[in-house]
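Below: one structure, written as structure tokens.
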Amino acid sequence: MAFWWPLIVIGFAFGICKLLLLLIPSNVPAIDVDTSDVLDDGNQTKDNSFIYIPSRRHTDKVQCYEPATMKYLGYFPALKPDEVKERVGQARKAQKIWAKSSFKQRRQFLRILLKYIIEHQDLICNISSRDTGKTMVDASLGEIMTTCEKIHWLLSEGEKWLKPEYRSCGRSMLHKVAKVEFSPLGVVGAIVSWNYPFHNIFNPMLAAVFSGNAIVIKVSEHASWSGCFYLRIIQTALAAVGAPENLVEVITGFAETGEALVSSVDKIIFVGSPGVGKKIMRSASDTLIPVTLELGGKDAFIVCEDVDVPQVAQVAARGALQSSGQNCAGAERFYVHKDVYSSFVAEVVKIVKSVTAGPPLSGKYDMGAICMQEHSERLQYLVNDALDKGAEIIARGSVGNIGEGAVDQYFPPTVIVNVNHTMKLMQEEAFGPILPIMKFSSDEEAVQLANDSSYGLGCAVFSGSQRRARQIASQLHCGVAAVNDFASNYMCQSLPFGGVKDSGFGRFAGVEGLRACCLVKSVVEDRWWPFIKTKIPKPIQYPIAENGFEFQESLVHTLYGLNIWDRLRALVNLLKILSEQPTPTSNRRRND
């Protein structure tokens, strides 16, 4: 007890000191970001308040509008290839300066961002809602919390994972030190989707900038208005810590703009569809840059018979209906054990019937609008295909008071039963508020059904036995698995995020995502320099001695022999060879 008592006192004192430090207000400056042109105060001029009719033709402008109301928001230029290359060139110059920045400076940048986000949640969510149609609650969950968690993780652990990592040197290199160094790649490019415009910008930007890179982000043409405002927050925070201008850029445009970005940067991160992802890979092969692809999913949601049905039904509804199905890891296939199938369906129907979609900022609605033009037609096509093959709609939510011009931007939440895998709804990514529910009879069948997909992003498994749920999840071929929960992985920002098959490859988030923004360099150096230096043993120096191979053979036995006696005998022979006067093989050939 006398030995442990001082350690307990020291540990207790350390904990108290740490708590007191947390109570001391941190010295984080506030930043002032211009919001004059994004606040909706009801006084818009006629030019920027009319109902917008989207054009099917791409022009030299990216036109922006609110999908929930079709109100016009403005436009941004569709950058040409030479303009993209110019932006990347400016970012490259800034990166050379930023690469020399300290982790202290980088952490201060993150703290300034975190302070602004916490104090301006309403503004950030409002802008996301107006540009994509999501509700304020969904924006808070998917935009604010995820970003704050990523910043917190980087502040806590980011520097640790970017410092040199020492590795074992092996038996043959005991006199060496082996380590891995992580240095910036240069300019990272990101092409991101529209579903979470704030987080989809901040997610790659935070990892790239904290690891010493510059980044140029092409935002979706469906969410350019919000993306260009969010850039102001980043640039203002960078200026506050003395970072060089142009370190972070947001560019707008269409396919041509994205292609030019891929050909100009040192790494590309893409979030989007499998079809476009394949084009990105082909373009990246010209310059042989690393690629990270997050290409969506068709996540399976498995419900065993021993669950709390009402509770799991609520989680299922949230997984399918969040942001009108706009979440990047949405549950799209529901497999329910036959013993609780009827009760689960009844609970889901009750929930869906209570859900109302409508303009998210004009009333108390559970769901917002569909962001992309004509996507509701795509959803109806998938539903019709299922109905033609025997499926049945058993419940639909309602749509609230919407303007006549925005009717096509809404799709009521829909529950469908009697589905099977011949239906496109169970195979193709829907990205919409649809719950197709299918029965299974055994755990083996559930695994087989869940793996019967070209996608492999995530899954969720629910069971009253955590061990059973874990065993099922371990057999599913996907990159992200939640046991008795849904999508909780993404709130653990220490974990990597990504999928397999048509869901892409590579990872962002976590240690893997952070280091993916780095040049990973293996370094070996002498452990006791200059006292012990590398020297080639005489038998294998040029010209190689006659017993050179015998020396190598004994060296291998000495280092890697399977028992101590074999290794000792080999060591004796090795020393004997070293003590002999070597005869070069070239001399032997001349004598012959």
Side-chain angles (χ1 to χ4, degrees), residues 34-84 87 123-124 126-134 139 143 190-198 200-201 216-232 249-261 271-273 276 323-324 326 359-362 368-379 402-411 431:
D34 181 18
T35 61
S36 59
D37 59 340
V38 295
L39 294 177
D40 186 1
D41 56 7
N43 296 319
Q44 293 95 338
T45 64
K46 184 177 180 180
D47 289 340
N48 66 354
S49 62
F50 61 83
I51 298 299
Y52 179 66
I53 301 175
S55 171
R56 294 174 182 267
R57 182 172 57 87
H58 289 172
T59 66
D60 59 349
K61 297 176 181 178
V62 178
Q63 305 285 1
C64 306
Y65 61 96
E66 295 183 10
T69 63
M70 301 305 290
K71 186 181 294 183
Y72 187 63
L73 292 171
Y75 69 88
F76 294 90
L79 297 188
K80 301 298 182 185
D82 58 336
E83 294 174 304
V84 174
R87 298 283 185 93
L123 171 68
I124 293 167
N126 183 286
I127 289 173
S128 174
S129 176
R130 290 177 65 190
D131 207 15
T132 65
K134 65 171 84 277
E143 307 275 33
I191 301 175
V192 299
S193 61
W194 44 267
N195 54 333
Y196 286 111
F198 181 76
N200 285 348
I201 289 174
V216 179
I217 306 167
K218 183 202 171 291
V219 290
S220 169
E221 58 267 35
H222 302 291
S224 295
W225 179 76
S226 57
C228 289
F229 170 73
Y230 296 144
L231 174 64
R232 292 183 201 170
E249 287 284 354
V250 164
I251 60 175
T252 52
F254 301 103
E256 182 185 42
T257 308
E259 290 169 2
L261 181 62
V271 182
S273 68
V276 178
S323 296
S324 301
Q326 293 172 10
L361 299 179
S362 62
I370 299 293
C371 180
M372 294 191 297
Q373 178 191 2
E374 300 177 349
H375 188 58
S376 58
E377 295 178 12
R378 158 76 178 163
L379 296 177
I402 59 176
E404 184 177 344
V407 171
D408 291 339
Q409 299 297 114
Y410 291 88
F411 193 90
F431 233 62

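Taken from CD in E249 to CG in L261, the straight-line distance is 11.5 Å, to the nearest 0.5 Å. One distance of note links SG of C228 with CZ of F76; it measures 4.0 Å at 0.5 Å rounding. Here the straight-line distance linking atom CD of Q63 with atom CG of L73 works out to 10.5 Å at 0.5 Å rounding. Note: T252 OG1 to K61 NZ = 12.5 Å, rounded to the nearest 0.5 Å. For the atom pair E374 CD and L379 CG, the distance stands at 12.5 Å (nearest 0.5 Å). In this structure, C64 SG and K71 NZ are separated by 15.0 Å, a value rounded to the nearest 0.5 Å.
Using a 4.5 Å heavy-atom threshold, the side chains of I370 and P67 count as separate. The closest side-chain heavy-atom distance from V250 to Y230 is not below 4.5 Å. Taking the side chain as every heavy atom from C-beta outward, K218 and V192 never approach each other to under 4.5 Å. For the pair S376 and Y410, the minimum side-chain heavy-atom distance is 4.5 Å or more. Contact of the W225 side chain with the V38 side chain is registered, since non-hydrogen atoms from C-beta on lie closer than 4.5 Å. Using a 4.5 Å heavy-atom cutoff, the side chains of R130 and N126 are in contact. Inter-residue side-chain proximity for F431 and H375 is flagged as met; some heavy-atom pair is nearer than 4.5 Å. Contact check for S128 versus P197: side-chain heavy atoms found under the 4.5 Å cut-off.
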Could you walk me through whether L231 and I201 pass side chain to side chain contact (heavy atoms under 4.5 Å, CB included), step by step? CA-CA 8 Å; L231 174 64; I201 289 174; over 6 Å; no
Yes or no on side chain to side chain contact (heavy atoms under 4.5 Å, CB included) for L39 and L123, after CA distance, side-chain angles and deciding distance? CA-CA 8 Å; L39 294 177; L123 171 68; 3.7 Å; yes
Could you walk me through whether V271 and I191 pass the side chain to side chain contact (heavy atoms under 4.5 Å, CB included) check? CA-CA 6 Å; V271 182; I191 301 175; over 6 Å; no
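When only modelled atom types and interatomic distance are considered, E221 and S224 share no side-chain donor-acceptor pair under 3.5 Å. Looking at E66 and Y72, their side chains never bring a donor and an acceptor atom within 3.5 Å of each other. Inspection of the N200 and S193 side chains reveals an N or O donor paired with an N or O acceptor under 3.5 Å.
A donor-acceptor pair under 3.5 Å is absent between the side-chain atoms of K80 and the main chain of D60, judged by distance alone. Looking at E259, its side chain never comes within 3.5 Å of a backbone N or O of E256 through a donor-acceptor pair. Side-chain atoms of T257 come within 3.5 Å of backbone N or O of L79 as a donor-acceptor pair.
Scanning both residues, P81 and A260, for their nearest heavy atoms gives CA-CB, 3.6 Å. Closest of all the heavy-atom pairs between D131 and S226 is OD2-OG, 2.7 Å. The two residues T69 and P359 have their closest heavy-atom pair at CG2-CB, 4.4 Å.
Every side-chain contact (heavy atoms from CB on, under 4.5 Å) that D34 has, sequence neighbours left out, goes to S36, R232. With sequence neighbours excluded, the residues that form a side-chain contact (heavy atoms from CB on, under 4.5 Å) with S220 are W194, H222.
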